[in-house]
Amino acid sequence: MITRRQVLAATAAVTAIGSGGVLAHLPSPAPGRNLFSAAEVEVVSALAEAFFPAGNPIGVAGGAVDVAGELDRLLVDELDHVVAPVFRHLLRGIEYGSVATHGARFSALEPLAREEVLAEWAAPANVPRRMAYEVLKTCVGWAYFNAPQVRAALGWEAACHAGAA
Amino acid sequence: MTPFVPGKRGAADYALDERVEVDAVIIGSGAGGSAAAAAVAERGLSVAVVEAGSHWQPAAFKPSATWAWRHLYDGRGTRATKGNMVMVLPGGRGVGGSTLINSAICFRTPDAVLASWRDDHGCSDFEATWMNQCFDRIWQRLGVTVNPVEVQRDNNLVFKRGADALGLRGEWLARAAPACVGCGSCQQGCNIGAKQSSDRTFLADALATGLVTAMGDCRVERIEEGKSVIASGVTLDPGTDTPRGRFEVHARHAVLAAGAVGTPRLLLANGLGKGPIGEHLHVHPTAATLARFPHEIKPWTGVTQGYYVDQWEKGFLLQVFTAPPDQAWVSMPLPPSQAVQWMADLRRCAMAGAVVHDEDSVGQVTEAGLWYWLGDRDRRVLLEAMRTKARIYFAAGAEAVVSGIHGVGVIERPGDIDAAITDDIPAHEIGLYASHPMGTCRMGADPSLAVVAPSGRLHGHERLWVADASVFPTSLGVNPQVTVYAIGLTVGRNVAAA
C-alpha cells in the first residue's frame, strides 16, 4: 500500500536534490556541452531510444533526434536551474539501478530490456520511482517533441507563429 | 531622486541607483496591478508599476512551451506544490502578469460567491452596484466576446457535441480576445496581440494619463512603511535574471499585486501584516482528459479554451483546453509504448480539463514553499469531473479515453468508466495541475481571521494595500481574471481617496 510517508519522502528527496542539498558530485561537462558529461549523454540517448524506439508509431526514432544536445541546451537556457541537478541525479538512478534489476547499466542494455526498465519505473505502485520516471519522461519529451521533424510527423504547427520561430 | 519618467521602462533605462518618487507604487502588473494603476492615475495621482518581468511585444513570443516558461512564467514554469501529491501551479511573469499566459477566459464573479464574500466575510466594498459597474467596464475594455464558431474548431466542437448529446448545460466561453484566430497558443503568449492582456488594456490606459511609469525588470525585495512607503529591490538583466543595480520607489501608498504566491511571500519576508498570511491557498485543481476519435481533430487548432460545461451544483466546471505535444506527452500516465502510440495519434485527439471549486483542500504559501493537500471532498469532486469528461467524449463518438490518473489506463467503452475511475483513487495517483492560486491574504472585516480589510488595506497598516487574487476570501469557482480586475479597480479607487 502506498503510504503518505512514501509520497512525502519522494517529494522531499526531489526537493533536496533540486535545492543542491545532495553532496554527490556531478561530473563536469564534456567538450562542447553545457552540462552533460559524455556518460550522461549516453544515458540520455539511451532513454530517447527507449522511449521512442526505431519504427515507433510517431515515425521518428529517438536516436534520429539529438535529444541529448537539445536537453543540454534547454536545461541551461530555458528551464529553471532546479531541474538540471534533479534530472542528472535521476540519470544516475536509472543507469545504475538497472544493474540490480537487469544485470547491466541502462545504457548498455538491449532495447527490449531498456523498455522493460522504463515500464517498471512507470508502474503506479511504487510512487517515488514513478515520480522519478515522470521527471525523466518529461525532460526527454521536451527535447524530443521540440524537434522540427517530430512536430512535422505529428502534423503539429503553431498557426499564429508561422515564421516567427 | 531620479526625475519621474512616464511610460514603459526596462533594464536598459535604469541608472545603477534608481530612485523614484510617486503617489502610489504598485508591485505587480497583472490584472489587479494594472487595474489599480488605471484607477489611481485616472484620479490624477502619479504611479510607479514595478514588475520583475520584462515588457513584451506580441511578435516576440515564440511557439515553444520551454521558451515561454523561461521568459513568461514565474520560476521558469517549475512552480509546484508539495503535499499529498505534487501539483504544477504556473503563474505569469512579465508586464501583464498571468494575463500574458492565460486563455483569456472571462467570468463575472458568481452572484452567490460575491454575496458570501459580502455577507459572510464582511467584504462590504464588493457592493453589487459598484461591482457591476466594474464588470461592465472590464467587459467593454477587454473586448470580451464569444469567438465565432469557425474559430473554435473541432477540439471545442466535439466537446459541445458530446455535452449536447448527454443534455449537459454548456456554453461557449466569453474571452478577452475579440480578434482571436484560433491558433491555440495562448499559454505561450499571443503572438498576434489578439489577447487583450492587462498590459494592452488597463496598464495602457494608465500609461496614457502621463502619470504612470511602468518599470519592468525590477524585482521588489524590501518594503518599508513609515511616514511614506519605500519599495526597494534590484534591477535585473533580463537575459540572465541577475541584478544590475538597485532601485527605490518612494510613495505615499503601496499596493501589492504580485499574485497569491508573490504577495504573501513579500509580506512574510518583510514582516508585514498579520493574520493568516499565506494560508487558505485555493487553486481550482484539475487533471487532463484526452480522447481519441476516428477522425482528425487537430487539438492545437482552434480557440485554446472555447467551450465549457456547467456543473456548478456538483462543484466543478469542465473546460476544453489544448496543449503542445511536449505537454500532451506529460499528461498521459500510460506505459511508454502506449503513450507513444497516443502521441502518434495526437491529431485525432481532443483534450479537456476542469475547474474544481475547492473547499476542503488545505494549502499554504510560505517564504520558500508551496503546499497543497487535496481534500477528500475535492478529490471526489475531481474524480466525478473526470468521469463526466469521459462520458462526454464517448457521447461525442470517441473510440478511447485517457484520464490523467495513474493506473487507470485507456478506457475503451463508456460502460467501463465507473469501474475505472472510482472514488477511492488517492490524490497521489491523479496527475494534478492548477492555474488559479488565490486566497492567501484573504479579505475580511475581522483582523483575526483576515489579512486584508474590506477596503483592500492591509490590516494594521496605513499605507499598504493588496489588489490581487490573494484577497479572495474563498475559492471562486470560475476563472478569476475579471474578479481580479474588479478588485484592482476597487482598491485603486480606495487608494486614491486615502
Side-chain angles (χ1 to χ4, degrees), chain A residues 1-2 4 6-8 10-12 14-15 18-19 50-53 56-59 62 70 73-74 77-83 86 114-115 118-119 121-125 127 130-131 133-134 137-138 140-146 150-151 153-162 164-165, chain B residues 58-71 73 75-79 82-86 181-185 188 190-192 194 296 298 300-301 324-330 333-337 339-347 369 405-408 426-429 431:
Chain A
M1 189 182 87
I2 310 305
R4 198 162 103 169
Q6 277 184 302
V7 178
L8 285 173
T11 55
V14 171
T15 304
S19 305
F51 275 117
F52 310 105
N56 75 71
I58 294 173
E70 175 65 0
R73 181 192 72 81
L74 286 174
D77 287 351
E78 294 187 357
L79 299 171
D80 193 78
H81 67 278
V82 300
V83 179
V86 171
R114 290 178 184 173
E115 290 180 34
L118 286 186
W121 278 55
V127 173
R130 189 199 79 209
M131 292 173 69
Y133 164 81
E134 291 294 330
K137 174 192 172 195
T138 297
V140 171
W142 283 331
Y144 176 81
F145 288 107
N146 256 357
V150 174
R151 293 191 160 190
L154 296 175
W156 185 87
E157 57 186 2
C160 288
H161 295 83
Chain B
F61 299 137
K62 297 191 187 305
S64 161
T66 50
W67 182 93
W69 297 336
R70 161 68 180 87
H71 295 283
Y73 283 73
R76 297 193 180 192
T78 57
R79 199 169 76 180
K82 297 181 285 291
N84 52 0
M85 35 72 247
V86 173
V181 299
C183 72
S185 302
Q188 288 86 54
C190 181
N191 177 254
I192 62 170
E296 273 200 352
K298 287 191 172 180
W300 49 82
T301 61
D326 50 354
Q327 290 180 265
W329 167 250
V330 171
L334 297 172
S337 58
V340 171
Q341 181 62 61
W342 272 74
M343 288 303 298
D345 295 332
L346 195 63
R347 74 190 74 196
I405 304 172
H406 295 274
V408 168
H428 63 258
E429 296 299 333

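Convention: sequence-line order gives letters A, B, ...; per-chain numbering from 1.
Heavy atoms of B/P426 lying under 4.5 Å from chain A are absent altogether. The part of A/L74 that comes within reach of chain B is its side chain, from C-beta onward, which places non-hydrogen atoms under 4.5 angstrom from that chain. Heavy atoms of A/E115 lying under 4.5 Å from chain B are absent altogether. Residue A/Y144 does not touch chain B at all, counting heavy-atom pairs closer than 4.5 Å. If you measure heavy-atom distances from B/T78 to chain A, the contacts under 4.5 Å come from the side chain alone.
Salt bridge B/E429/A/R130: present, at least one basic N to carboxylate O contact under 4.0 Å.
Looking only at heavy-atom pairs under 4.5 Å with chain A, the residue among B/A68, B/P325, B/A194 that has the most is B/P325. Chain B forms the most heavy-atom pairs under 4.5 Å with one residue out of A/T138, A/L118, A/L154, and that residue is A/L154. For chain A, the option among B/A339, B/G431, B/G75 with the highest count of heavy-atom pairs below 4.5 Å is B/G75. The choice from A/G155, A/A153, A/A50, A/A143 that makes the most heavy-atom pairs within less than 4.5 Å of chain B is A/G155.
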Going through the checks in order, is the side-chain contact (heavy atoms from CB on, under 4.5 Å) test met by A/E78 and A/R73? CA-CA 8 Å; A/E78 294 187 357; A/R73 181 192 72 81; 3.3 Å; yes
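Although no hydrogens or angles enter the test, the distance criterion places no donor-acceptor pair under 3.5 Å between the side chain of A/R151 and the main chain of A/E157. Between the A/N56 side chain and the A/G59 main chain, a donor and an acceptor come within less than 3.5 Å of each other.
Ring geometry for B/W67 versus B/H71: interplanar angle of 30 to 60°, hence tilted.
Side-chain rings of B/W329 and A/F51 approach one another, their centers coming within less than 6.0 Å.
Side-chain atoms of A/W156 and B/P324, non-hydrogen and from C-beta on, do get closer than 4.5 Å to each other.
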